[in-house]
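These figures come from a predicted structure and were not determined experimentally.
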There are 2 protein chains.
Amino acid sequence: MSPKQQRGAETAERLLDAALQVYAESGEQGVTVSALTKASGVSLGSLYHHFGSVDGLMRVLLLRWLGRLLEELAGGVERARTAKGAVRALVRVYLTFIQEHPDASRLLHSSYADRVGMAQAAQLRDAQEARLSPLTAWVRLHTESGEIAALEAPMVEALVMGPIVATARRWLSGIDDADLDQAARVLPERIWRSISP
Amino acid sequence: MSPKQQRGAETAERLLDAALQVYAESGEQGVTVSALTKASGVSLGSLYHHFGSVDGLMRVLLLRWLGRLLEELAGGVERARTAKGAVRALVRVYLTFIQEHPDASRLLHSSYADRVGMAQAAQLRDAQEARLSPLTAWVRLHTESGEIAALEAPMVEALVMGPIVATARRWLSGIDDADLDQAARVLPERIWRSISP
DNA sequence: TGGATTTCTAGAAAACAGTTCTAGAAATTG
DNA sequence: CAATTTCTAGAACTGTTTTCTAGAAATCCA
């Protein structure tokens, strides 16, 4: 990578960092072109050169973080030895992730996520090939071995991820100081009951 | 109500209808002042007279539909005789609602919901007094009678509504033609397992 | 090496959306 | 029937996003 491209990449990077920071500080409404250029010190022209639009910038930011989350979820599932262990891993990884990256997680659960659209998210999943949707691959596997009930994959996904995401959203919205540690302890057992044969 | 006020109310109504229609057709981005005035045939001045802002208009629309959904959920729960029956009712009512009002449901699950903010939704819940959050009241009741496990209310809410909402979101996004009838049959049993003592 | 080309940066200008403002019309009230 | 209120209307203003033109810096190839 040439010095110029290097500098270009750094500029893009600085914009992405600034975007998350601005979003964290002033919410979705606060993410304006001027706020971004001011926070990053990058000019208007560069922003449009690298990302084409503000939404384009946010799309990249979003997909990057979505990628990280899926990556970690897949890793957790892969390391698990049993189906039940996988459920535990999913809960733990997800809840840990939102605690470690609350701003990015809020972004992931925000409207921008809708705007990017499922199509792109699915695309990202497919791009990860081997580690496609941690869940669907896993469901296929464990259904066959009889470890979990013979339900449609989407149903298992709803039963497993539904409560996790609901808990995460609640904590992220900060309406109460939900106890994530307790959730991490109790949820796996409860979720397991719902999908076991 | 005087004829003039009548006409005013009708104007507001026409705007609300147009807003949902525009949202359904062109998504969140498409909901602009000009699109609204054009679709409703109502003037700019009237829009601002009645709602103060575009967000204000969407807020009213959103709260109206949120109210209907909560109303129906509360009704379903109230008619149930057992805790398990209540879970069945919640699943049935929710999935029926999104099928009957897909556009409004998409709006409810969209980013506007965030923009209105939890505060307002909570406010709406409280305003319903006796029929406050269908779930929390219900949880309190059935926990005491030992019908469901002694978990924190938010946890029960996550375990019950999480899978329902996840299923709803999936169907609304139209990524696959998920079978809601099947979900309505299977989910209650599975959810029940996760929260029973 | 050195001119042509690509890539990046920069900000002025244009296009567009949301809101405010002023004014007039229609109905109600005293 | 005058005064007041409520509603409708659209022009003007403000702020935001995007496009456009131009210049600077690095790379590439004759």
Let me have the donor-acceptor pairs involving side chains of residues 80-87 of chain A, under 3.5 Å, with sequence neighbours excluded, atom names and distances please.
from   : atom 1 : to      : atom 2 : distance (Å)
T82(A) : OG1    : G85(A)  : N      : 2.9
K84(A) : NZ     : E189(A) : OE1    : 3.4

| query | In whole angstroms, how far is the P atom of dT16(D) from the CG atom of L47(A)? | reply | 15 Å
| field | Under the side chain to side chain donor-acceptor pair (under 3.5 Å) test, residues paired with S34(A) that sit two or more places apart | value | T32(A)
| message | Between L16(A) and F51(A), is there a side-chain heavy-atom distance shorter than 4.5 Å? | response | yes
Produce the list of close N/O pairs, under 3.5 Å, pairing protein atoms with atoms of nucleotides 17-24 of chain C; give distances to one decimal.
from    : atom 1 : to     : atom 2 : distance (Å)
dG18(C) : OP2    : V33(B) : N      : 2.6
dT19(C) : OP2    : Y48(B) : OH     : 2.9
dT19(C) : OP2    : V54(B) : N      : 3.2

| task | For R14(A), check side chain to side chain contact (heavy atoms under 4.5 Å, CB included) against everything at least two apart and list the hits. | result | T11(A), V42(A)
| Atom-pair distance (CZ on F51(A); C1' on dT17(D)), nearest Å | 16 Å
| message | According to salt bridge (Lys or Arg N to Asp or Glu O under 4.0 Å), does anything in residues 93-103 of chain A pair up with another residue at least two apart or in another chain? List the pairs. | response | D103(A)-R106(A)
| message | If I take atom CD in residue E13(B) and atom C1' in nucleotide dC7(D), what distance separates them, rounded to the nearest angstrom? | response | 16 Å
| Separation of atom NE2 in H49(A) from atom C1' in dA25(D), rounded to whole Å | 13 Å
| query | Tell me the ring pair (Phe, Tyr, Trp, His ring centres under 6.0 Å) pairs involving residues 178-197 of chain B, sequence neighbours left out? | reply | none
| Gap between atoms CG and P, on L15(B) and dC7(D) respectively (whole Å) | 13 Å
| query | Once you round it to whole Å, what is the distance between C1' of dT18(D) and CD of Q29(B)? | reply | 14 Å
